[in-house]
There are 2 protein chains.
Amino acid sequence: MTGKPATIKEIAKILNVSVSTVSRALHKHPTIGITTQLKVQALAEKLGYEPNQNAISFQKGKTYTIGVIIPELSEAFFSAAISAIEDTAYKRNYTVLIAQSHDNEEKEIQLVEKMKNSRVDGLLISVAKTTSSFAHFDMLKRFNIPVVFFDRIPPLKNIHYVACNMETGSIEAVNYLLQKGHRSIGLINGPATLAASGERKEGYIKAMTKNRLKFDPSLIVGCNLTEEGTRAALDGLLAHKRRPSAIVTFNDYVSLYAIKHARNLGINLDKDLQFVSYANLPIINYMDYAPVASVEQFPYLQGQKAADILLDLLSRKEQSLDEVQAYYNVIVESQLIENKTRNSY
Amino acid sequence: MTGKPATIKEIAKILNVSVSTVSRALHKHPTIGITTQLKVQALAEKLGYEPNQNAISFQKGKTYTIGVIIPELSEAFFSAAISAIEDTAYKRNYTVLIAQSHDNEEKEIQLVEKMKNSRVDGLLISVAKTTSSFAHFDMLKRFNIPVVFFDRIPPLKNIHYVACNMETGSIEAVNYLLQKGHRSIGLINGPATLAASGERKEGYIKAMTKNRLKFDPSLIVGCNLTEEGTRAALDGLLAHKRRPSAIVTFNDYVSLYAIKHARNLGINLDKDLQFVSYANLPIINYMDYAPVASVEQFPYLQGQKAADILLDLLSRKEQSLDEVQAYYNVIVESQLIENKTRNSY
DNA sequence: ACTTTTCACGCAAACGTTTGCCTGTTTTTT
DNA sequence: AAAAAACAGGCAAACGTTTGCGTGAAAAGT
């Protein structure tokens, strides 16, 4: 009851059986007689025996731990994804090891290294914005540690990943605004270096042309996602000869910056300018002026799918159905969610 | 270069020395000759040898892992604390195992159990709101696993903890408003069941009486922290015979709800009503109307101190300076932070 | 040239669990 | 009643590393 936890050995000694018998009894192995089995289990219970996970991991050469590397825990998207990963993993008796790269490539490399050394069974990664070399992922492959990428996917062949298709949401966003009667719709996009920017732009263009509207490239402005950058971008659009009555922004933060700026400029956000953005963060429920709709990327679902895939990979590995023949490529469709709570209750 | 990682045994065999020599050489043990040492290190490097953490943990009976149990990862306070814990732990070569209780007592108990079984060396906990029994913490004590509580502290004797003193911040908050010329100051508090509510109330009262102002209990209203609850609380205060010109709220969310409601009621938030709250969340930087100041609780600092304490405990344990003579009780002073960015740039 | 010390390294046990293989006993089959 | 099969359990190795103790050989002391 006090000091060190009970071991299988002690149980064996007390019961005058061998350790192997105890081990098998606790696993309900059929070759152990029912009476012995019960005796062992009873004593184990009484002693409060708990298997030493460390010893098991060591013995089996696997840790029943999956590593997760994300850019920032404080971002709502990732904490939601983590929750999903935890839930999924716990159900299958896996433990989750979380680490943040803070969007720093060097840190990411260190973490991958550390995860490899702490012998996680598999890895879930959303890569840092700045990551430009991918050798550290190759290393994992060499060590036979399966990796599933999610949300932020590196441009590599032959990888497992789950990502969100931004195009559908983008199209929905533009369509939504068109239906609302807007005819000049701007886009405050992210930096061109981000893949996410490209997807948003594609969707925007596709929606415009599908609706037989002339697509005006000058209505698309990039920004660096900071508050100042957003202000500059908005100023640019407002000065446009076909001043937009609605704007799609790269994410909710950009929308919020833009809204703040617009309000300071005295623009009527109910009539003269509406925003639609990406992310659908809970934060917008606290705003008195918020985007009228936001494209949801389903972080929980993405996390869940990614974890499912990884666990599947691990179980096939256990059955040595190794040498993957195919790669999982799961696409979650984004979806426009109207912000019902906006400015009303 | 390919399949399984290199082991100490292989190095030993290749170099025709014993495994113990290799082990010691890699640890730069003085009893190993310098030439052998270099030979070993060179080969280890060449083979890409990495010690098997699993084996080491098993051998040493410790995991170099500290567990962290928090209510919600998505709350900014906790994700900041986690970042601090991670940083602190990594510096000392510890790994951090994170789990969320979702403010659910049962889940918390399960997690404590799981952490114990996965043999974490120590535990950092911020207890769930609903937790009312504390037997699971006693168990950790029995198994000799040190625990440091932070932020949300259970009412127990003889525990290590780091917490934040709300009273100083509360006093500062009220003083701040008094200096700004407000004479009637309301308090929208949390539920009476929360210890945090009591502290805020204490501070509020202390500040009022210290300033020789009559303290009016009817200017304090409780709320359940929801949007509706907040509206009702605000309505109550606005109907007060001495209608307050400033209000202190339990946290930033309550402030935001109240502000939203006040704006809908057409109240001028620049002149007629000001808010001060607790938490100092980054979210308020995105608001066009936000609390004019917020009481910072320094989550990063709290996490850091808590981790420091735990690591210290673990190192004394290693030196078997066991049987703690004293308990760490660290108090971080809260501090009022003016919201400079509010409504201006 | 002898003993004593220091040096550099090897031996082997230990950590807790799992698992392939072997052995003795009981039950079933013919 | 003898042979085969089924049952119950034990033996021992293995996983990779650390570490107390032992031991030759070289260096130092007398």
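Chain letters run A, B, ... following the sequence lines, proteins first, then strands; residues in each count from 1.
For the pair B:His29 NE2 and C:dC9 C1', the interatomic distance rounds to 11 Å; values are reported in whole Å. Counting to the nearest Å, the P atom of D:dC15 and the CD atom of B:Glu10 are 10 Å from each other. The interatomic distance linking A:Leu26 (CG) with C:dG16 (C1') rounds to 13 Å, in whole Å. As a whole-Å value, the separation of B:Ile8 CD1 from C:dG10 C1' is 14 Å. To the nearest angstrom, C1' of C:dT17 lies 12 Å from CD1 of A:Ile11. Following rounding to the nearest Å, B:Lys60 (NZ) and C:dG16 (P) show an atom-to-atom distance of 16 Å. When rounded to the nearest whole Å, the span between CD of B:Gln37 and P of C:dC7 equals 14 Å. Remark: C1' of D:dC15 and CG of A:Asn54 are 13 Å apart, rounded to the nearest angstrom.
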### Task
Kindly determine whether B:Lys13 and B:Glu10 satisfy salt bridge (Lys or Arg N to Asp or Glu O under 4.0 Å), including the steps that lead there.
CA-CA 5 Å; B:Lys13 182 167 288 178; B:Glu10 296 168 5; over 6 Å; no
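The B:Arg24 side chain lies nearest to C:dG10 when the options are D:dT17, C:dT17, C:dG10. Closest to the A:Gln59 side chain, of the nucleotides C:dT18, D:dG10, D:dG16, is C:dT18.
Using a 4.0 Å heavy-atom criterion, one finds that B:Thr31 contacts the bases of the nucleic acid, with or without backbone contacts as well. B:Gly61 comes within 4.0 angstrom of no nucleic acid atom, judged by non-hydrogen atoms across all strands. Looking at heavy-atom distances under 4.0 Å, B:Ser23 makes contact with a base.
Nearest-nucleotide positions on DNA chain C for A:Tyr49 and B:Gly33 put B:Gly33 closer to the 5' end. The residue among A:Thr36 and A:Val19 whose nearest nucleotide of DNA chain D is located toward the 5' end is A:Thr36. Position along DNA chain C of the nearest nucleotide to B:Val17 versus A:Ile56 favours B:Val17 as the more 5'-ward residue.
A donor-acceptor contact closer than 3.5 angstrom is absent between the side chains of A:His136 and A:Glu113. Under the 3.5 Å distance criterion, with hydrogens and angles disregarded, a donor-acceptor pair is assigned to the side chains of B:Tyr328 and B:Asp312.
In this structure, A:Phe58 counts as stacked on the base of D:dC15 under the 5.5 Å centre distance and 30° plane angle limits.
Of the side-chain N and O atoms in B:Ser20, none sit less than 4.0 angstrom from OP1 or OP2 of D:dT17. Look at A:Lys9 and you'll find a side-chain N or O under 4.0 angstrom from OP1 or OP2 of C:dC15. Dashed line: the shortest gap from a side-chain N or O of B:Ser18 to OP1 or OP2 of C:dG10 is under 4.0 Å.
In this structure, A:Lys62 forms a cation-pi arrangement with A:Tyr64, its terminal cationic atom sitting closer than 6.0 Å to the ring centre and no more than 45° off the ring axis.
The backbone N or O of A:Val17 lies less than 3.5 Å from no partner atom in the side chain of A:Thr21, so there is not a single donor-acceptor pair.
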